[in-house]
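Some notes on the structure that comes next.
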Amino acid sequence: MIERTIKILTPHTSPHKTCVMGNEGIARAALEAGVNGVFAYPGTPSTEISEIFSHVNTFQSNPINQEKYPEITKDPVYFEYSINEKIALEKAIAYSIGNRSAMCVMKNVGMNVASDALMSVTYQTIGAPLVIVVCDDPGCHSSSNEQDSRYWGQMASVPMLNPATPADAFEMIKQAFELSGKIKLPVIVRTTTRVSHTKGIVTYGNINHEFGIPKFERLPEHINIPARTAAAHARLLDKLKNENVLELLAVNSKYIFNEHKAKHGIISTGVATTYITEILSQNNVTEKVNVLDLGMIHPFPEKEVVSFLKRDYEKILILEELDAILENSVRTIAQKNKINTTILGKGFAGLVTTGEFSIDLITNVLQDFLETDFSSTENITLADTEKYLNNLPPRPPALCAGCPHRATFYLLKLAISREQSELILCGDIGCFGLGALPPLKMLDTINHMGMSISMAQGLFESAHNSEKKQKVVALVGDGTFFHSGLASLVNAVYTRANILVVIFDNRTTGMTGHQAHPGASRLPKYHEIDIPPLLKGLGVEMVKTINPFNIRDSFKQLNKAMEFEGVSVVIAKASCIFLPDFKDKIDKKLKIAVDHNRCNSCANHEDALISCSRCYAPKNNLSRAKAKLISEISISGDEQLCPANICNHGFFNSIIEGDYKSAVEIVRDKMLFARTCSAICHRPCELFSTQNNVVPIKKLKHLVSAIDENFRDFSHPKKRTKNAIKKISL
Amino acid sequence: MIKNYKILIAGVGGQGIVYLSNIIVEAAMLSGIPVSVSEIHGLSQRGGVVTSGIGLGEYCTGFYGKAGVDFLIGLEPLETQRCISYLHTRSSVVFGNYRIQPYSVNAQMAEYPDVVEFAYYLGKQCTEVAFIEHFPEEIDSVLYNVFLLGRATRMKDFPFKKEITERAIDSVVTGYYKEKTLRAFKLGLDYELNKQMV
């Protein structure tokens, strides 16, 4: 990691070609533009940008590095993971007003959180350059929606750049810094997953060290009051007509494949351009079409588009991922200028506003548009692919092996019967959201960051006067809790909601790659905030911290918190497996073995051939697990001595939990004739018991085998026969 | 300048797919070939699918579509099989039989496909297929990626010569692992396939 940091900080006096990921190019470009401070909240696909600055900041503030690398550690770049995007942008704005250039980085949905800060600063003024990087996620690879952030340009009236490649992104970040400084407006650079997570060749140059001198000017623009806003709005719109803006619009409106006069024209933006250039050149049809790539999309490059429209094309195709923003603007301009060329866009040849583009989709679109068949240049597909593609097992993401969230979910599964109770579990964004998928299936709702606690309050309130009134559970990760859950919790306490909040505290922002947050700062530059005193200060009366791996104690605490009337909070605290805190505790040579003196389960699994844990009964038997957890006395496994190898503890525990059918299944797991067994067995398990109170296993067996309906289901014995080594027919 | 050429690396998070693509990118840079890579690794750490498409040549992106991949390096057999619609009759494939079972298979809700049968199928369909049924024991499983790269380098249509790939490894890998990595590469290079499988 240190080598990568040194690489990104090293200035090059002559052009240096390198192949980097879009996000890395963005970080480097900001450094070359002389950024002073970076403010961010992590979120895929934007995270790598902020991570680089986090490493840069740690590297530059280390005294050893300062001595060893004086050149690249001078004028260190400030960096912070703010608690959410709104705070990040607000602080970045203030930093810029303090005359230091700033960059604010977030993912698509982050811009929604930050938008309050964006929408009025544009009426006011900034100081040093301020660039906002927003990374969209068409196709929702890792986001809760695929919103088109290009609207923010129009909405907030700020210049917006939309790169197609890492090299574009690199250039545009530099342009954005320059423009922002000149017109005193924030500039947005919007990327998509396929730009941010694509590697391409970028040319590194020198790093600008002309750092702004901190100063605050008392300007009337810093006070935003209604009397001034109308005039400010007009001033803002004037800024967008500034010559620097017009110049940049011209620079970023590029003609591609323009050597031949063609009947077909394409206007495209963003990653659409890269698809077009590849497909056209691959199929040798570059002569048939002219392409205009628009890299700057707000304000709309009217002059450039009109001159393209006037080039007498028969047809013009607009290619852009997600919404028809460019298309609608082009149609408006065409109408205004009375240009009658056919304009095609969404709705043509399968172009829709959802999902991301692909080579296959755009190949079809271009074939239709150019009325040309590409099949002569295409490769021949393999035969019978369906046979090998159908029924392939999917590979959905799952919680990591050893993840503490699994333990917490297991506890919840034991404490809250999903089959028998209507209790609602409101989930949130983060790693633990994977608990919504099978086999856990422990979440009923997932919305956006921090919604879980509000959802629980609202659902509780909606049932307030009905008979169904019961506690609602909110589940939230530690990072999300600080991002936006905290404010919602204040509201819950304030409105006397009856909810249980379980904070899945794995000591990091897990899903995005282990960034710091106020509850788990890890770096000396941050001050760590302890959650329990914070909650107590808010007036939460019941706050319990549990170690989810200590199942017996945690189960008790969780049940108490469920019973509590009012807001109760359980903090399931155990570190993520990727953190040093977890790794240091693990002895890698450790092997797992069963301690028969403490095991309260069957010992039968020792007999490998008739392993009881291979089949249905023990695996899915939660009631048995629950009984095991709350039992006061534990009986050693090797005392069972059942000649038929039946798991007596499982059998008994199922009965305690009232799950008679499982009890019968446990017997039938080994012995199909459960009734006969209960009649003829000489009950060695009872005779040899060392406990004072003998458990009447035989009587119990008699009891459950008298229930006829439990014998009707033969699916499990049938399933077992599939793997049986021997089959006996009677 | 070579004609546009696409390499796809497929596998599961943690197998070193991005690492391998870094080496190939370096090889392209050393050869002066324009290169572009597209990776999908959103949930890689949670055991999800990771793919990396590498495009060599001007205007060639790392994106891939139907019958658009010329060379496939499969680090995991199931993920190799998932990619066959991207292959064409002149494609080359190198893949290893190192299985990482998804949850659905572990929970006996789905069956893992028959890898050997699939290898025979692929062998008949594509120009050149190298199937590593058993990785040599001396190789650490974290270096299977480099081993496969070594085997790939030996194949007819692989766009880089042995010396270039070796130099790329030398410049990408640093410190302690360099020697081990180069050794895994060399073993892959010298690996003789089971004749019946070819």
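Just so we're on the same page: letters track the sequence lines, and every chain starts at 1.
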Checklist entry - Distance from A/Thr18 atom OG1 to B/Met29 atom CE, nearest 0.5 Å? => result 5.5 Å

Checklist entry - With a 4.5 Å limit on heavy-atom distance, are the side chains of B/Tyr59 and A/Leu280 in contact? => result no

Item to check | Best-contacting candidate, A/Pro166, A/Ser358, A/Pro396, A/Ala383, against chain B by heavy atom pairs under 4.5 angstrom | outcome: A/Ala383

Item to check | Part of B/Tyr86 lying under 4.5 Å from any heavy atom of chain A | outcome: neither

Checklist outcome for this item: To the nearest 0.5 Å, atom CZ of B/Phe63 lies from atom CG of A/Asp360 at 13.0 Å

Item to check | Leading residue by heavy atom contact count with chain B [cutoff under 4.5 Å; candidates A/Leu382, A/Asp384, A/Ile359, A/Thr277] | outcome: A/Leu382

Item to check | Partner chain A: residue of B/Met109, B/Glu76, B/Glu26 with the largest heavy-atom pair count (under 4.5 Å) | outcome: B/Glu76

Checklist outcome for this item: d(B/Glu39 CD, A/Thr198 OG1) to nearest 0.5 Å is 8.0 Å

Next on the checklist: Quick check on B/Arg90 against chain A: is it the side chain, the backbone, both or neither that has a heavy atom closer than 4.5 Å?
Outcome noted: side chain

Checklist entry - Just wondering, more than 12 heavy atoms not from B/Lys124 lying within 6.0 Å of its NZ? => result no

Checklist entry - Would one find more than 12 heavy atoms of other residues, nucleotides or ligands at under 6.0 Å from atom CZ of B/Arg154? => result yes

Checklist entry - Side chain, backbone, both or neither: which part of A/Ile201 has a non-hydrogen atom closer than 4.5 Å to chain B? => result both

Checklist entry - Can you tell if the side chain of A/Thr385 reaches within under 4.5 Å of the side chain of B/Tyr121, non-hydrogen atoms only? => result yes

Next on the checklist: Quick one, B/Tyr103 and A/Leu437 - any side-chain contact, counting heavy atoms below 4.5 Å?
Outcome noted: no

Item to check | Proximity breakdown for A/Glu3 and chain B, heavy-atom pairs closer than 4.5 Å | outcome: side chain

Next on the checklist: With a 6.0 Å cut-off (strictly less than), is the heavy-atom count around CD of B/Glu138, excluding the residue itself, greater than 12?
Outcome noted: yes

Checklist entry - So which part of A/Pro45 gets closer than 4.5 Å to some heavy atom of chain B, the side chain, the backbone, both or neither? => result neither

Next on the checklist: Tell me whether the rings of A/Tyr388 and B/Phe118 are parallel (<30°), tilted (30 to 60°) or perpendicular (>60°).
Outcome noted: tilted

Item to check | Region of B/Ile100 in contact with chain A, defined by heavy-atom distances below 4.5 Å | outcome: both

Checklist entry - Among B/Thr174, B/Val37, B/Leu78, who wins on heavy-atom pairs under 4.5 Å with chain A? => result B/Val37

Item to check | Between B/Ile54, B/Asn22, B/Leu87, the one whose heavy-atom pairs under 4.5 Å with chain A are most numerous | outcome: B/Leu87

Checklist entry - Has B/Asp190 got more than 12 heavy atoms of other residues, nucleotides or ligands less than 6.0 Å from its CG? => result yes

Item to check | B/Gln81 to A/Leu389 - nearest heavy-atom pair and separation | outcome: O-CD2, 3.5 Å

Checklist entry - If you count the non-hydrogen atoms of other residues, nucleotides and ligands that lie under 6.0 Å from OH in A/Tyr255, is the total more than 12? => result yes

Checklist entry - From A/Leu392 CG over to B/Glu79 CD, what is the distance, rounded to the nearest 0.5 angstrom? => result 8.5 Å

Next on the checklist: Quick check on side chain to side chain donor-acceptor pair (under 3.5 Å): which of A/Arg194, A/Gln282, A/Glu278 does B/Thr61 satisfy it with?
Outcome noted: A/Glu278

Checklist entry - Taking side chain as C-beta onward, heavy atoms only, is B/Pro113 less than 4.5 Å from A/Pro393? => result yes

Checklist entry - Would you say A/Thr381 and B/Ser85 make side-chain contact, with heavy atoms under 4.5 Å? => result no

Checklist outcome for this item: chain A shares the most heavy-atom pairs under 4.5 Å, among B/Ser38, B/Ser21, B/Ala110, with B/Ser38

Item to check | Atom pair NE2/CG of B/His88 and A/Asn379 - distance to nearest 0.5 Å | outcome: 4.0 Å

Next on the checklist: Would you say that B/Val18 contacts A/Lys199 through its side chain, given a criterion of any heavy-atom pair below 4.5 Å between the two side chains?
Outcome noted: yes

Checklist entry - Can you say whether B/Glu111 sits under 4.5 Å from chain A via the side chain, the backbone, both, or neither, judging by heavy atoms? => result backbone

Checklist entry - At a heavy-atom separation under 4.5 Å, does B/Val105 approach chain A through its side chain, its backbone, both, or neither? => result side chain

Checklist outcome for this item: Whatever's closer than 4.5 Å to a heavy atom in chain A on B/Ser91 counts as neither

Item to check | Proximity breakdown for A/Cys431 and chain B, heavy-atom pairs closer than 4.5 Å | outcome: side chain

